[in-house]
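Note that the structure is a prediction, hence the values are computed from the model and not measured. Order of the sequence lines fixes the chain letters, A, B, ..., with proteins taken first and strands second; residue numbering starts at 1 for each chain.
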Amino acid sequence: MLELRFIRENIDLVKEKTARRGMETTLLDEFSRVDKQRLALLAKVEGLKNKRNTASAEIAVLKRGSQSDRDKAEPLIGEMRETSQQIKELDLQLDDIQEKLQRIVMAIPNLCNDDVPVGQDESENIEVKTWGEKPSFSFKPKTHWELAEEQDIVDFETAAKLSGARFALLKGFASKLDRALTNFMLDLHTEKHGYTEVLPPFLVNSASMTATGQLPKFEEDLFRIKDWDLYLIPTAEVPVTNIHRDETLNESDLPIKYTAFTPCFRSEAGSHGRDTRGLIRQHQFNKVELVKFTTPETSFDELENLLQDAETVLQMLNLPYRVVTLCSGDLGFSATKTYDIEVWLPGQNCYREISSCSNFLDFQARRGRIRYRPQGQKKSRLVHTLNGSGLAVGRTLLAIMENYQQEDGTIRLPEVLKPYFKPRFH
RNA sequence: GGAGAGGUGACCGAGUGGCUUAAGGUGCACGCCUGGAAAGCGUGUGUACGAGAGUACCGUGAGUUCGAAUCUCACCCUCUCCGCCA
């Protein structure tokens with residue numbers, strides 16, 4: 001959420017930046033109209049409340065006085081009875097307008113950073129670096145779903161029986177590899193990169209979903225629990241960022257860095273027919289997430305570090321990848337800048353997203369009231385929040401399958417995973 | 001699910017209708033003291049909206065009242081005991 005006053009005073013800038021994302025700006029014209037209404041009504045109600053408060057104090061004094069003073073209070077009380085009634089009616093109108101304004105402000109995306117390339121969709125993302133050498137094969141490399149079937153390590157049909165399309169049942173090698181990858185990533189981030197490991201709830205309430213920006217605009221992307229104010233998390237970003245909702249942190253504690261393993265649940269509404277084969281796009285997948293709380297001064301440096309922490313996982317697994325900066329049209333609603341890491345998939349002969357690292361500035365912090373107190377100052381400020389995948393475990397798994405495949409269809413184990421894997425057991 | 005206790009500022013904690021403008025403490029900031037620090041002493045310290053005057057905020061929402069942290073109702077959460085349960 002952007003600051004109300006900021007939008008008011010920089011309406012043209014907000015419009016221009018919203019347009020850069022390829023979004024409609026009629027919402028911002030409506031903002032100006034409703035905002036003016038609200039301020040006018042607010043002035044009116046507050047005037048009446050001031051009158052009531054002043055009179056209440058007078059009544060209090062009179063009531064403590066002589067009999068004649070007490071009598072004098074009566075007409076004043078009568079007058080206030082009417083004033084109170086007016087206040088009640090105007091407050092109702094104000095609630096209505098405020099709700100309207102809230103809906104508008106919650107639907108305005110974050111401002112994209114000035115170094116974000118302008119573009120319409122993912123085809124205009126800018127490659128900033130590549131790493132590693134694409135493996136060469138003496139045979140035609142297979143897709144991971146071909147390998148999965150041959151080796152009998154992922155069973156999509158049974159998963160469809162259990163749950164439906166876009167679910168997978170990992171078996172033997174694949175399920176053990178998933179678990180090994182998770183442990184490897186968590187150990188790396190906690191032992192080498194200084195993150196604190198947390199294991200959060202996988203169901204969160206609407207207040208949490210609102211703070212990080214999934215609600216109210218993107219409800220159709222979420223799975224909701226019937227008759228409960230609970231949603232399945234689409235990413236650990238939601239519970240982990242909300243750890244400090246409604247809190248004031250000490251500057252000396254920043255940056256705060258968490259890493260969390262969770263399953264992620266996404267409805268994938270609007271992506272019918274896309275990536276229907278294999279493990280790429282599932283309703284449920286595992287992910288190790290990185291989340292940071294920083295001061296405003298350091299958030300962009302911390303974004304670079306976060307990206308580096310995620311890249312390290314791929315480097316240690318020796319998986320080739322590239323990093324792209326998302327263009328304005330492909331940028332998420334709450335983010336000001338995002339790097340995607342895309343891993344090389346030889347079976348499909350393309351790069352696919354395996355991590356997304358974003359700086360949200362104070363956009364989420366304002367929604368969630370996450371502040372910190374600067375050293376030596378009495379006024380608190382909003383923190384900046386960042387997060388990134390470190391990494392999406394399911395996609396790492398399929399990347400290993402495709403990159404480490406051998407001619408006979410078996411899959412070699414990356415060196416760094418050996419301590420995490422006991423291959424003699426199925 | 002049943003019974004009970006509770007939810008107040010960054011934190012702890014007092015407060016049962018109007019001098020509450022939320023006591024007191026901790027923490028934090030500034031000053032005094034000190035060679036420097038600690039301790040001690042003094043002063044100051046919430047958030048949001050608003051140009052400002054001001055208004056709102058004591059778990060959430062409704063209600064009673066001229067006036068609610070305080071009274072009423074509903075709900076949420078935490079703790080203790082009982083029941084059930086991995």
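B:G52: no Watson-Crick or G-U partner with both key distances under 3.5 Å is found in any strand. In this structure B:C73 sits in a base pair with B:G61, meeting the Watson-Crick or G-U test at under 3.5 Å. As the counterpart of B:A14, no nucleotide is assigned, since no Watson-Crick or G-U wobble pattern has both distances under 3.5 Å. Remark: B:C84 base-pairs with no nucleotide in the shown strands. Criterion, Watson-Crick or G-U wobble with two distances under 3.5 Å. Across all strands shown, B:A5 is found opposite B:U78 as a Watson-Crick or G-U wobble partner, with both distances under 3.5 Å.
Judged by closest nucleotide on RNA chain B, A:Ser380 is the one of A:Lys49 and A:Ser380 placed further toward the 5' end. Summary of the strand contacts: A:Glu3 and A:Ala57 both lie near RNA chain B, and taking for each the nucleotide with the nearest heavy atom, the more 5' one is attributed to A:Ala57.
For the C1' atoms, the distance from B:U70 to B:U8 is 12 Å, rounded to whole Å. Look at the C1' atom in both B:C32 and B:A37: the space between them is 15 Å, to the nearest Å. Separation of the C1' atoms belonging to B:C57 and B:U21 is 15 Å when rounded to the nearest angstrom. Across the C1' atoms, B:C79 and B:A29 are found 36 Å apart, a figure rounded to whole Å.
Although no hydrogens or angles enter the test, the distance criterion places a donor-acceptor pair under 3.5 Å between the side chain of A:Arg367 and the main chain of A:Thr210.
For the salt bridge (charged side-chain N to carboxylate O under 4.0 Å, His left out) with A:Asp91, the lone residue among A:Lys49, A:Lys44, A:Arg52 that qualifies is A:Lys49.
A sub-4.0 Å separation between OP1 or OP2 of B:A48 and a side-chain N or O of A:Arg371 is present. When the side-chain nitrogen and oxygen atoms of A:Arg81 are compared with OP1 and OP2 of B:C66, one or more of them lie within a distance under 4.0 Å. For A:Arg8, a side-chain nitrogen or oxygen approaches OP1 or OP2 of B:G50 to under 4.0 Å. Contact check, A:Thr83 against B:C66: no side-chain N or O comes under 4.0 Å of OP1 or OP2.
Between A:His189 and A:His193, the ring planes lie tilted relative to each other; the angle falls in the 30° to 60° range.
For the atom pair A:Gln364 CD and A:Thr385 OG1, the distance stands at 3.5 Å (nearest 0.5 Å).
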